[in-house]
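From a predicted model like this one, the values you see are computed outputs, not experimental measurements.
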Amino acid sequence: MAYKKSSRLSQAALINQIMKKCSSMKTRQDYDDEGFPLDVPKGHFVVYVGQNRTRHVVPISILNHPDFQNLLQQAAEEFGFDHDMGLTIPCDEVVFESLISMLR
């Protein structure tokens, strides 16, 4: 039986792209000398969700959860990681908030 190669990014590659994108947003004044947003606690990162691109600060610990991995894969396929808005999740905001509350 032949196995078909998956076009999905590996988990490590996806996380590396997220971290690279987050660290590349150092030009704004609301970032510290190391390039981290001043309003985001250590161990968290920012995503933008929904049609209105609402900003959410979420814990890094959810990156390994399979449901969140699916959202990241959808984000990679729909938006890629090369845009100015930051990490954008293609998900209804209510659904995202519900998922995040279950994962915390």
Side-chain angles (χ1 to χ4, degrees):
M1 176 188 303
Y3 289 98
K4 193 173 167 183
K5 266 192 171 180
S6 174
S7 64
R8 296 176 64 136
L9 292 173
S10 73
Q11 178 179 349
L14 198 56
I15 291 172
N16 283 339
Q17 285 185 340
I18 291 167
M19 298 312 288
K20 185 185 291 185
K21 179 62 180 175
C22 291
S23 66
S24 70
M25 300 176 69
K26 298 179 183 180
T27 58
R28 294 185 13 201
Q29 291 182 355
D30 53 347
Y31 286 78
D32 67 14
D33 292 337
E34 296 176 13
F36 296 105
L38 295 173
D39 66 336
V40 178
K42 187 173 185 172
H44 291 72
F45 65 103
V46 174
V47 297
Y48 297 90
V49 180
Q51 187 173 3
N52 295 325
R53 304 291 192 255
T54 305
R55 185 176 189 262
H56 292 268
V57 177
V58 295
I60 288 175
S61 61
I62 68 165
L63 284 172
N64 290 324
H65 192 279
D67 290 334
F68 196 77
Q69 286 289 317
N70 287 336
L71 287 177
L72 292 176
Q73 188 63 43
Q74 290 174 20
E77 291 169 1
E78 187 167 332
F79 302 115
F81 293 106
D82 189 27
H83 51 88
D84 295 334
M85 184 64 183
L87 180 60
T88 305
I89 304 291
C91 179
D92 183 68
E93 190 173 350
V94 173
V95 173
F96 180 81
E97 289 173 354
S98 177
L99 174 66
I100 296 304
S101 70
M102 289 187 304
L103 299 179
R104 287 186 177 175

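- Here NE2 of H65 is found 9.5 Å from CD1 of I100. Values are rounded to the nearest 0.5 Å.
- When hydrophobic clusters are built by joining Ile, Leu, Val, Met, Phe, Trp and Tyr residues whose side-chain heavy atoms come closer than 4.5 Å, directly or via intermediates, L103 is grouped together with V47.
- Residues E93 and V49 come closest through the heavy atom pair CA-CG1, 3.8 Å.
- By the rule that hydrophobic residues join a cluster once side-chain heavy atoms approach within less than 4.5 Å of another member, I62 and M102 end up as members of one cluster.
- Scanning all heavy atoms of the two residues, the minimum distance from R53 to Y48 falls at O-CD2, 3.5 Å.
- Ring pair F45/F68 is perpendicular by interplanar angle, where above 60° counts as perpendicular and below 30° as parallel.
- Contacts of V57 classified as side chain to side chain contact (heavy atoms under 4.5 Å, CB included), with partners at least two apart in sequence or in another chain: V40, P41, H44, V46, R55.
- Between I60 atom CD1 and K42 atom NZ the span is 10.0 Å, to the nearest 0.5 Å.
- When all heavy atoms are compared, the tightest approach of F96 to V58 is CZ-CG1, 4.0 Å.
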- Item | side chain to side chain donor-acceptor pair (under 3.5 Å) between Q73 and E77, intermediate numbers included | CA-CA 6 Å; Q73 188 63 43; E77 291 169 1; 3.3 Å; yes

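- You'll find the side chain of L71 reaches within 4.5 Å of the side chain of L99, heavy atoms only.
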